[in-house]
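Sequence lines set the chain letters: A, B, ... in the order given, protein chains first and strands last, and positions in each chain run from 1. Just the heavy atoms: all of them, side chains too, but no hydrogens, waters or symmetry mates, feed the values below.
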Amino acid sequence: MKQIINDLIAQALLELEQASQIPSGLGYNIQVTPSKDPAQGDYASNIALMLAKPSGMPPRDLAQSIVDRLAAADSIERIEIAGPGFINFFVASGTSQSIVNRILEQADSFGRSTLGQGGRIQVEFVSANPTGPLHVGHGRGAAYGATLANLLQCIGYEVQREYYVNDAGRQMHILGTSTWLRYLELCGETIEFPSNGYQGDYVWDIAATLHRENGERFRRPAEQVYADVFEDAPAGDKEKHIDHLIANAHGLLGEDDYGIVFDLALNTLVDVIRNDLHAFGVDFDGWFSERSLSDEGLIETAITRLQDNGHVYEQSGALWFRSTEFGDEKDRVVRRENGQTTYFASDIAYHMNKFDRGFGKVINIWGADHHGYIARVKASLSALGYNADDLEIQLVQFANLFENGEKISMSTRSGEFVTLRQLREDVGQDAARFFYVMRKAEQHMDFDLDLAREQSSDNPVYYLQYANARICSVNRQCAEKGLEISNTGIDLSRLDNAHEQALIKHLSLFPERVEAAALRREPHLVVNYLRELANHFHSWYNAHQFIVDDVELRDARITLASAVGQVLRNGLNLMGVSAPEKM
RNA sequence: GCGCUCGUAGCUCAGUUGGAUAGAGUGUUGGCCUCCGAAGCCAAAGGUCGUGGGUUCGACUCCCGCCGAGCGCGCCA
């Protein structure tokens, strides 16, 4: 419909140009938008306002000239000029109703499109360090990423969902050593647990597994463990303290045994994370190991490529990437003075690898605290000869958690956090998924845990599910009464009251809203759409009876209700939210 | 200090990329079940869109200054 109006206007403008009533070559962009107020028709265009100045005509006069040239169309009943010069289009009743049949024919695939043309696109999200279970702070990225991936798939992209596992680096060694220290405690050694170690209970669990499977094989006397170790905070330095403990763990266990402890901790936590995400309805196609980058020499390859392109220099013993040349605020070290490559070097290799895998577009979903990192990663891609615009970073702001009216801070290190699993058990899967995506990702969000728990029956998600349940209930009652709703020959023109017209119009907007949500990377647009749809439905439901004696009217109304249910389910499905038939 | 993301109703947030009278939910106040599910509907009240300028037919939207919030500025990951 929008396209039809668009074409009509384009044709009219062309004629005006040819008749020299407006100058040619204005380079306009015709906008046709659905109207909010039924008094302003079904669709409106502001074209006359936009062209008023360049064509030197008063907007209303120009609008009249355009309207005079508009070709007649069966689907358009009436055209009006209103306000400062808007052109309002009233769609003929009967034409819009056909959308109802289309929805029922296409069923689950209504809303899908081929816009993406099978282009390969990667969405990398969550990617939390495997140093502990996921907490509620990770939930937003998980829900956002999963929904965005669904949306992109829905409009025709081939999507790969990836989790980057940070299984290298100091944080993981702190975890491995923390596990070993807990294990020593289980063996009966007296350990003063480091203030900078991972203190969560899950570390005990891993230590217990280590003990069960290996007995006292890794036991070493506490004196040796603490030999020559710098004093812990507050009197000493907690960073030096833990680094020395890690070094001693290496020395006392030897590389092979240390590796066993380390890998057990790593693998256990990756499993925990994978299971938690799966239970949250979030599944990945790939789990990419950071360690594999160095194992396969990709980091060296990346650095060499940067060197060959002349973007690397040496200074005070370290190797630097000249990222300032590509807009970064300062140059960055890729290889330290001690010969070790940096985390950033791994990231360069990782992103090089992403594009070498053939993705046309790569989307990274990062927590807002990583924003300072964007410039350097993009710089590295440019330096390697890729188009940095093919990498898109979507930042997700943190959700501030409130409990008992107080903000709670979360720290994986201290073991103080609410896990994603706990949240799901508290408020339910549907409410949790819905809550996370109902707000724009860049918006700072306050998450009131008490409210989520106690008022879960007030959660907006139930508003949508309730609409669907009502529709299912009506269908059940028809079946009980032995009323058959025929599938063919239904006279949809009986759907002529204001509620029905508004509802039908709204149904027709679903595909374009899904498209907009995917292209703008804003899943919350789908939430808003569904809320509006449910609102239209509930209003209609309250104002009119569906199961009436007039068979034609009954058939028409129940058919419309079925279409609404279908769209609700399609939308909820994109967000990983269920649509129960009863609740 | 510099940078990123923000600031809209008492509270939590939308606002279709510059359009018509700034909208929902929640909370407050009224009304609606002898009728398909009241987890619903209808109505009222609630606003200097942080603030001061600028751009134009038109600004919550774009530009600049200021105020305020969160986050980031390592040879950590």
Side-chain angles (χ1 to χ4, degrees), chain A residues 31 33-37 39-40 44 46 49-50 52-53 58-59 82-86 88 129 131 166 168-174 239 290 315-320 329-330 332-344 346-347 367-375 395-398 400 438-448 451 455-467 469-478 481 509 512-513 516 520 522 524-525 527-529 531-532 534-535 537-548 554 557-558 561 582-583:
Chain A
Q31 292 179 21
T33 53
S35 311
K36 301 172 225 168
D37 184 353
Q40 294 169 359
N46 60 354
L49 290 163
M50 293 173 68
K53 196 171 188 188
F86 290 98
N88 294 336
N129 286 345
T131 52
N166 299 120
R170 183 162 171 267
Q171 299 305 324
M172 288 308 300
H173 288 291
I174 294 176
E239 304 292 347
E290 180 187 350
Q315 192 178 64
S316 48
L319 206 59
W320 297 71
E329 56 190 13
K330 54 161 83 164
R332 311 288 175 179
V333 172
V334 288
R335 181 179 289 129
R336 291 190 274 260
E337 200 177 351
N338 66 12
Q340 287 185 332
T341 53
T342 58
Y343 177 82
F344 177 47
S346 297
D347 245 3
D369 55 338
H370 285 72
H371 63 76
Y373 212 70
I374 298 174
L395 294 179
V396 175
Q397 290 290 340
F398 288 128
N400 291 319
M438 72 191 222
R439 264 75 209 250
K440 200 164 36 178
E442 312 90 81
Q443 178 67 253
H444 300 267
M445 186 169 86
D446 286 343
F447 198 130
D448 189 331
L451 202 69
Q455 302 196 345
S456 63
S457 66
D458 262 352
N459 195 295
V461 71
Y462 294 98
Y463 186 72
L464 309 188
Q465 293 180 321
Y466 185 55
R470 270 181 153 176
I471 291 163
C472 294
S473 171
V474 168
N475 284 325
R476 275 197 301 275
Q477 305 214 10
C478 286
K481 290 179 182 170
L509 299 177
E512 66 187 64
R513 294 289 272 269
R520 288 165 55 178
E522 294 184 346
H524 77 282
L525 294 178
V527 174
N528 291 350
Y529 170 84
R531 235 214 284 244
E532 290 160 18
N535 184 16
F537 172 78
H538 285 306
S539 297
W540 176 49
Y541 183 94
N542 267 67
H544 302 280
Q545 196 76 12
F546 294 6
I547 303 177
V548 292
R554 183 173 70 211
R557 286 186 171 163
I558 289 177
K582 289 182 188 175
M583 45 192 291

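- Distance alone, capped at 3.5 Å, is enough to place a donor-acceptor pair between the A/Ser539 side chain and the A/Asn535 backbone.
- Residue A/Tyr463 places at least one side-chain N or O closer than 4.0 Å to OP1 or OP2 of B/rC41.
- Spacing between B/rU61 and B/rC49 at atom P, rounded to whole Å, works out to 10 Å.
- We find that CG of A/Asn46 is positioned 15 Å from C1' of B/rU56, with the value rounded to whole Å.
- The residue A/His544 sits close to a base: some heavy atom pair falls under 4.0 Å.
- With hydrogens and angles ignored, the 3.5 Å screen pairs no side-chain donor or acceptor of A/Arg554 with any backbone N or O of A/Ile547.
- B/rU17 is unpaired under the Watson-Crick or G-U wobble criterion, no partner having all donor-acceptor distances under 3.5 Å.
- Applying the Watson-Crick and G-U wobble criteria (two distances, each under 3.5 Å), B/rG37 pairs with nothing in any strand.
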### Task
Evaluate the criterion side-chain contact (heavy atoms from CB on, under 4.5 Å) for residue pair A/Glu239 and A/Arg170; output intermediate values, then yes/no.
CA-CA 11 Å; A/Glu239 304 292 347; A/Arg170 183 162 171 267; 2.5 Å; yes
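- If you check every strand for non-hydrogen atoms under 4.0 Å, A/Gln477 touches sugar and phosphate atoms only.
- When heavy atoms are screened at a 4.0 angstrom cut-off, A/Ala368 is found touching the sugar-phosphate backbone but no base atom.
- The residue A/Met172 sits apart from the nucleic acid: no heavy atom pair falls under 4.0 Å.
- The partner of B/rA44, taking Watson-Crick or G-U wobble pairs whose two distances both stay under 3.5 Å, is B/rU28.
- Looking at heavy-atom distances under 4.0 Å, A/Ala44 makes contact with a base.
- A straight line from CD of A/Glu239 to C1' of B/rC75 spans 15 Å, rounded to a whole angstrom.
- Atom CZ of A/Arg332 is separated from atom P of B/rC76 by 13 Å (rounded to the nearest Å).
- What separates NZ of A/Lys440 from P of B/rU5 is a distance of 12 Å, to the nearest Å.
- Annotated as anti: B/rC71, whose O4'-C1'-N torsion sits more than 90° from 0.
- Residue A/Arg336 places at least one side-chain N or O closer than 4.0 Å to OP1 or OP2 of B/rA77.
- For the C1' atoms, the distance linking B/rA24 with B/rA9 amounts to 11 Å, nearest Å.
- If you check B/rA14, B/rG19, B/rC35 against the side chain of A/Phe86, the one that comes closest is B/rG19.
- To the nearest angstrom, P of B/rA39 lies 16 Å from CG of A/Asn535.
- Straight-line distance between the C1' atoms of B/rU26 and B/rC36: roughly 29 Å, to the nearest whole Å.
- Relative to the side chain of A/Tyr541, the nucleotides B/rG72, B/rG37, B/rC76 differ in distance, and B/rG37 lies closest.
- Using a 4.0 Å heavy-atom criterion, one finds that A/Gln40 contacts the bases of the nucleic acid, with or without backbone contacts as well.
- Comparing the C1' positions of B/rG46 and B/rG23 gives an interatomic distance of 13 Å, to the nearest angstrom.
- Between A/Glu522 and A/Phe344, the residue whose closest nucleotide on RNA chain B is further toward the 5' end is A/Glu522.
- A donor and an acceptor atom sit less than 3.5 Å apart, one in the side chain of A/His371 and one in the base of B/rC71.
- Between the P atoms of B/rG65 and B/rU5, the separation comes to 15 Å (whole Å).
- Under a 3.5 Å cut-off, the side chain of A/Arg335 and the backbone N or O of A/Val333 do not form any donor-acceptor pair.
- The separation between A/Arg439 atom CZ and B/rA24 atom P is 15 Å, rounded to whole Å.
- Within the structure, a side-chain polar atom (N or O) of A/Arg470 is placed less than 4.0 Å from OP1 or OP2 of B/rA38.
- Atom CD1 of A/Ile558 is separated from atom C1' of B/rC36 by 8 Å (rounded to the nearest Å).
- Heavy atoms of A/Asp369 sit under 4.0 angstrom from primed sugar atoms or phosphate atoms, though from no base atom.
- Side chain of A/Arg557 to main chain of A/Gln545: a donor-acceptor pair is present (N/O by atom type, distance under 3.5 Å, no hydrogens or angles).
- For A/Ser539, whose side chain is taken as the heavy atoms from C-beta onward, the closest listed nucleotide among B/rA77, B/rC41, B/rG19 is B/rC41.
- Across the P atoms, B/rG47 and B/rC42 are found 23 Å apart, a figure rounded to whole Å.
- If you check B/rA77 for Watson-Crick or wobble pairing at under 3.5 angstrom, you find it has no partner at all.
- Distance from the side chain of A/Tyr462 is smallest to B/rA39 among B/rA39, B/rA77, B/rC36.
- Counting atom types as modelled, A/Asn88 pairs a side-chain N or O with a base atom of B/rA20 as donor and acceptor under 3.5 Å.
- Contacts of A/Lys582 with the nucleic acid, taken as non-hydrogen atoms under 4.0 Å apart, include base atoms.
- Of the nucleotides present, none pairs with B/rC60 by Watson-Crick or G-U wobble criteria with both distances under 3.5 Å.
- Between A/Phe344 and A/Tyr373, the ring planes lie perpendicular to each other; the angle is over 60°, past the 30° to 60° tilted range.
- Between B/rG15 and A/His524, a contact under 4.0 Å exists linking OP1 or OP2 to a side-chain N or O.
- Along RNA chain B, the nucleotide closest to A/Arg520 and the one closest to A/His538 are compared, and the more 5′ of them pairs with A/Arg520.
- Remark: the A/Thr342 side chain and the B/rC76 base include no donor-acceptor N/O pair separated by less than 3.5 Å.
- In this structure, OH of A/Tyr466 is placed 5 Å from P of B/rA39, rounded to the nearest angstrom.
- No N or O donor and acceptor, one from the side chain of A/His370 and one from the base of B/rG72, sit under 3.5 Å apart.
- Looking at heavy-atom distances under 4.0 Å, A/Ser316 makes contact with a base.
- OP1 and OP2 of B/rG3 both lie 4.0 Å or more from every side-chain N or O belonging to A/Lys330.
- The line from SG of A/Cys478 to CD1 of A/Ile558 is 3.0 Å long, rounded to the nearest 0.5 Å.
- Spacing between B/rA22 and B/rA69 at atom C1', rounded to whole Å, works out to 24 Å.
- Looking at the side chain of A/Gln171, the nearest of the listed nucleotides B/rG15, B/rC13, B/rA77 is B/rA77.
- Among B/rG25, B/rC75, B/rC36, the nucleotide with an atom closest to any side-chain atom of A/Arg531 is B/rG25.
- Look at B/rU55: its glycosidic torsion is beyond 90° from 0, and that puts it in the anti range.
- Comparing B/rC73 with B/rU8, their P atoms sit 27 Å apart, to the nearest whole Å.
- Look at B/rG72: its Watson-Crick or wobble partner, with both distances under 3.5 angstrom, is B/rC2.
- The cationic group of A/Arg470 does not satisfy the cation-pi geometry with A/Phe537, failing either the under 6.0 Å distance to the six-membered ring centre or the 45° limit from the ring axis.
- Looking at heavy-atom distances under 4.0 Å, A/Ala469 makes contact with a base.
- When distances are taken from the side chain of A/Gln397 to each of B/rU5, B/rG19, B/rC75, the shortest belongs to B/rU5.
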